[in-house]
Amino acid sequence: MDCPEVLEWMEAAELGLAQDAEVECEVARAHLDACPACQSDWSARRRWATALATAITNVPVPERLQERLLASLPIPAPAVLNSSEPVTTARVTRRQLRRRAWLGAATACSLLALFSVWSGFWSPAVRLTLAELYPAATVEMAELPNFEAAFAPRLPSSWSSLFVFHRSLVRGFPKAGAIAGRVAVVPFLSPALEGKEALRGRLLMLPAEQLTLAPGDVPAQGIAHDFSSAEVRYLRTGAAVAMWQEDDLVFVCLMSSGPADLQRFQRWLSGPRSFT
Amino acid sequence: MAEKTPASLLTTLVDEHYLLVYRYAFRLCGKQADAEDLTQQTFLAAGTHAEQLRDQKSARSWLCSITRNTYLQSRRRQDVVLPASESIVAKCPELPVGGIEEQELQSAIDELPEEFRTTIVLFYFRQFSYKQIAEFMDLPLGTVMSRLSRGKAWLRKKLETVASPVSTEQFSEQTTP
């Protein structure tokens with residue numbers, strides 16, 4: 001054992017990291033006792049060791065990190081995993097279903113479950129155009145206020161069995177200098193799809209009556225009524241958007257990584273074939 | 001004892017290890033937002049591959065391993081090359097009087113090549129012994145010790161240099177209106 005090794009072992013012992021190396025530590029200590037060079041370095045090394053261990057470990061943890069992590073976990077939706085309904089191989093195997101539920105739930109999405117709408121709370125909302133919603137693709141979620149119970153948002157029908165929501169992560173508009181209307185926003189993160197990276201996006205929800213659609217906003221075949229048939233459009237920013245309406249709510253899915261990714265996400269959500 | 005369901009296993013993993021994973025991720029990335037993303041990716045991957053965790057006692061190193069692999073897959077930058085060990089095994093400098101500043105520390109850690117960074121961070125987290133770090137990195141113990149020795153020496157030198165007091169002349173010049 002040479003001098004640098006001796007000091008390494010001494011430092012490990014000092015920090016309590018050498019319980020599984022008693023022999024090495026004994027040899028190191030014997031060397032230290034007999035080596036003036038090591039002795040002259042050891043006191044400084046010891047101070048550095050303690051100071052660095054303290055400083056490196058001292059990483060402030062963001063508020064509510066644990067809560068956010070738990071909200072984004074692949075906790076299977078009970079309706080899917082506990083289902084006793086037989087699944088035919090033509091649709092999807094049980095293993096695929098389980099895996100899909102896991103991965104689907106892994107999409108980090110949150111939604112405030114608004115249990116009641118205060119009748120006195122509602123006031124006439126600002127009408128919005130579709131284009132006015134696009135900045136939501138890149139807005140910092142942390143800068144948005146928690147969504148207030150102006151209306152009761154819900155998941156799109158095709159998402160509800162694959163996503164887990166958490167009320168603490170639902171943010172929304174209005175926000176000064178950004179979108180003026182009442183819009184609920186949830187971020188989502190998909191698992192890696194089709195061998196590529198995970199996809200991030202934003203799901204926006206707003207009452208249909210709040211949205212003013214320009215002629216160009218509506219596809220020739222009319223507004224889609226589910227995500228799978230919603231037209232994916234390219235935005236000048238490079239982002240992509242898909243819009244559809246389910247009953248009284250309009251859903252807008254924004255993905256800043258572009259239309260190819262949004263289509264991939266759409267395929268994945270729309271059927272078992274796209275899962276593989 | 002009944003086997004945990006994947007969901008409850010994952011919840012337990014987050015509860016018990018998210019601080020370690022986040023702190024490791026932060027030291028790897030150097031930025032809070034990136035570290036949080038990396039932490040989230042780590043647990044998502046853990047959920048996807050939960051069956052790989054045979055023994056929960058090894059959960060710490062398993063999660064750190066996922067964190068590291070995820071980080072390595074995403075990084076693009078070129079690390080600096082540390083000086084050869086002979087040139088840096090010098091007398092240990094004195095610890096700066098004012099201690100170690102966080103910003104300077106992270107900046108110094110950021111400059112370390114990843115294999116040194118991970119070794120050092122895991123070492124100072126005091127969660128892994130030398131031998132466990134060697135297993136984690138899949139390296140011989142001697143290589144880990146060599147990396148630690150070189151990395152720590154480089155870090156001490158860097159932090160000592162940064163913390164060197166400003167000379168009186170420089171100070172006067174800076175403060176004179």
Side-chain angles (χ1 to χ4, degrees), chain A residues 2-5 7-9 11-12 15-21 24 37 40-62 65-66 68-70 72-76 78 81 98-99 102-103 105-108 140 142 189-192 197-198 200, chain B residues 5-8 10-11 14-15 18-19 21-24 26-27 32-33 35-37 39-41 43-45 47-48 50 73-74 85 89 91-96 99-102 105 109 120-121 123-133 141-142 145-146 148-149 152-153 155-156 159:
Chain A
D2 58 20
C3 292
E5 271 186 273
L7 292 173
E8 282 305 313
W9 280 115
E11 193 175 329
L15 296 177
L17 301 174
Q19 298 96 330
D20 53 358
E24 290 89 340
S40 74
D41 250 15
W42 175 231
S43 57
R45 277 290 289 266
R46 197 178 197 168
R47 284 192 289 275
W48 271 104
T50 310
L52 278 169
T54 305
I56 286 179
T57 314
N58 183 26
V59 176
V61 176
L65 173 64
Q66 185 179 17
R68 284 196 295 281
L69 287 171
L70 287 170
S72 69
L73 280 182
I75 297 168
L81 276 193
R98 185 182 174 84
R99 191 173 166 213
W102 263 85
L103 292 177
T107 303
E140 283 289 332
L189 174 71
S190 83
E197 287 183 359
R200 290 171 187 283
Chain B
T5 63
S8 68
L10 201 52
T11 305
V14 172
D15 289 343
Y18 83 98
L19 288 175
V21 171
Y22 175 77
R23 286 175 172 144
Y24 175 41
F26 181 87
R27 290 303 181 200
Q32 180 181 316
E36 191 165 335
D37 277 355
T39 305
Q40 190 182 38
Q41 291 280 359
F43 284 108
L44 286 171
T48 306
Q73 281 166 14
S74 66
S85 56
V89 180
K91 186 171 173 57
C92 180
E94 282 300 324
L95 186 67
I100 299 170
E101 291 292 328
E102 165 58 29
L105 172 67
I109 290 173
I120 281 182
V121 167
F123 175 82
Y124 282 120
F125 275 0
R126 288 187 269 196
Q127 302 262 352
F128 300 92
S129 70
Y130 272 144
K131 291 181 179 176
Q132 287 169 330
I133 294 173
L141 184 62
M145 291 190 69
S146 164
L148 275 170
S149 178
K152 285 191 274 188
L155 212 50
R156 287 192 295 261
L159 293 170

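Letters go in sequence order (proteins before strands), and every chain restarts at 1. These values consider heavy atoms only, across backbone and side chains, with no hydrogens, waters or symmetry-generated copies. This is a predicted model, so every value here is computed, not measured.
- Without hydrogens or angle criteria, B:S146 side chain to B:G142 main chain gives no donor-acceptor distance under 3.5 Å.
- With a threshold of 4.5 angstrom between heavy atoms, B:L105 approaches chain A through side-chain atoms but not through N, CA, C or O.
- The distance from atom CG of A:L15 to atom CZ of A:R46, rounded to the nearest 0.5 Å, is 10.5 Å.
- With a 4.5 Å cut-off on non-hydrogen atoms, B:F123 touches chain A through its backbone and its side chain both.
- Contact detail for B:Q32 and B:Y22: the closest heavy-atom pair is CG-OH, 3.2 Å.
- No other option in B:I120, B:L148, B:L141 has as many heavy-atom pairs under 4.5 Å with chain A as B:L148.
- The two residues A:I56 and B:F125 come nearest to each other via the heavy atoms O-CE1, 3.5 Å.
- B:K131 approaches A:E24 most closely through the heavy-atom pair NZ-OE2, 3.6 Å.
- The nearest pair of heavy atoms linking B:Y124 to A:L52 is OH-CD1, 3.5 Å.
- With a 4.5 Å cut-off on non-hydrogen atoms, A:W42 does not touch chain B at all.
- Of the atoms belonging to B:E101, not a single heavy atom falls under 4.5 Å from chain A.
- For the set B:L155, B:L19, B:V121, B:D15, the entry with the most heavy-atom pairs within less than 4.5 Å of chain A is B:D15.
- The greatest number of non-hydrogen atom pairs below 4.5 Å with chain B, out of A:E5, A:R45, A:R47, is found for A:R45.
- No hydrogens or angles considered: a donor-acceptor pair under 3.5 Å links the side chains of B:Y130 and A:E8.
- Counting heavy-atom pairs closer than 4.5 Å to chain A, the top residue among B:A45, B:A35, B:S129, B:A33 is B:S129.
- For chain A, the nearby part of B:R27 is the side chain; its heavy atoms alone come within less than 4.5 Å.
- In this structure, chain A has no heavy atom under 4.5 Å from any part of B:I133.
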